Amino acid sequence: MILIGVNRSPYTRRVAITLRAYGVVYEQRDLNGFGHREDVRAANPLGRIPALVLDSGETLIDSAAIVDHLDETCGGDRPLTPRLGADRRAVLKIAAMMMGACDKGLQAAYHRNHTPKEKWHQPWIDDCMAQMTSALAAVEAMARPDEPYLSLGRLTQADITAFVAERLGRGLGIDTDTRMPGLRALTRRLLEQPAFSSTEPPPA
Ligand SMILES: N[C@@H](CCC(=O)N[C@@H](CS)C(=O)NCC(=O)O)C(=O)O
């Protein structure tokens with residue numbers, strides 16, 4: 001299997017952590033949508049990372065669809081996204097909120113990175129960051145200091161997506177150490193696990 005994307009991308013990192021958590025052996029091509037447009041578009045016509053090339057040659061795109069496939073093929077009776085019922089709904093809700101938080105944070109970052117400074121529309125940037133912060137604060141309210149994971153007493157996509165979203169938010173200037181200490185403690189604990197530490201991107 002070949003993972004296309006850099007782990008600096010929260011979506012790619014989510015897939016990388018999932019692959020490692022399932023013990024899947026894979027290669028990684030460190031490409032990004034802006035620096036390697038042609039190569040990324042060859043794998044995903046939309047020009048986004050991540051993409052996952054399966055051993056059959058089929059290419060999957062979008063982290064949610066990739067994770068869904070990994071749950072189906074590697075998850076056994078304890079997939080990182082529960083298969084049914086209230087447990088599944090609870091994990092999917094947190095994952096949707098955290099991936100949406102990443103979307104909002106990146107919208108703000110893309111606006112700053114791809115628009116001349118004199119054309120920045122600060123209210124838009126502020127609103128995106130406020131939405132990201134609000135979503136992270138909602139997960140902060142679920143984090144319990146005496147519980148190692150957010151949900152079900154075990155690692156799920158709730159933790160993995162919260163981990164990548166908190167990291168992105170911190171990188172974009174949200175002071176999670178003081179504003180979201182429970183979530184920050186969770187991400188510090190997760191970073192002790194090989195699936196998380198081994199996928200840490202190099203410093204920018
Ligand atoms: N919903 C997608 C989002 C993927 C995404 O936005 N990836 C970013 C990198 S962090 C990207 O490739 N952006 C380039 C672009 O949108 O042109 C997923 O979950 O995989």
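When a ligand or atom number is given, it counts from 1 through the structure's own listing order. Counting from 1, the numbers follow the sequence of the chain as shown. Please read these numbers as outputs of a predicted model, since none were measured by experiment.
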Inset, instruction - Return yes if some donor-acceptor pair links the side-chain N/O of H111 with the main-chain N/O of Q107 below 3.5 Å, else return no. - result: no
Inset, instruction - Identify which of D62, I49, I61, L168 has a heavy atom lying nearest to atom 7 (N) of ligand 1. - result: I49
Inset, instruction - Tell me yes or no: between the side chains of R48 and Y11, is some donor less than 3.5 Å from an acceptor? - result: no
Legend entry - Y11-ligand 1 polar pair, N/O distance under 3.5 Å: no
Inset, instruction - Verify whether one side chain among R14 and Q157 offers a donor that lies under 3.5 Å from an acceptor in the other. - result: yes
Legend entry - Pairing of D71 and R88 as salt bridge, 4.0 angstrom limit: no
Legend entry - Atoms of ligand 1 close to S9 [distance to a heavy atom under 4.0 angstrom, numbered from 1]: 9 (C), 10 (S)
Legend entry - Closest protein heavy atom to atom 13 (N) of ligand 1, given as residue, atom name and distance to 0.1 Å: Y110 OH, 3.0 Å
Inset, instruction - Flag D103 as yes when one of its N or O atoms lies below 3.5 Å from any N or O atom of ligand 1, and as no otherwise. - result: no
Legend entry - Nearest neighbour in protein (non-hydrogen) for atom 15 (C) of ligand 1: R48 CG, 3.8 Å
Legend entry - For atom 20 (O) of ligand 1, the protein heavy atom that lies nearest, with its residue and separation: S63 N, 2.8 Å
Inset, instruction - Could you check whether the rings of F163 and F196 sit parallel, tilted or perpendicular, using 30° and 60° as the cut-offs? - result: perpendicular
Inset, instruction - Step by step, work out the side chain to side chain contact (heavy atoms under 4.5 Å, CB included) result for T12 and L3. - result: CA-CA 8 Å; T12 305; L3 175 59; 4.1 Å; yes
Inset, instruction - Flag P50 as yes when one of its N or O atoms lies below 3.5 Å from any N or O atom of ligand 1, and as no otherwise. - result: no
Legend entry - L106, portion touching ligand 1 at heavy-atom distance under 4.0 Å: side chain
Inset, instruction - Before accepting this row, confirm whether a basic side-chain N of the pair R167/E200 lies closer than 4.0 Å to the acidic partner's carboxylate O. - result: yes
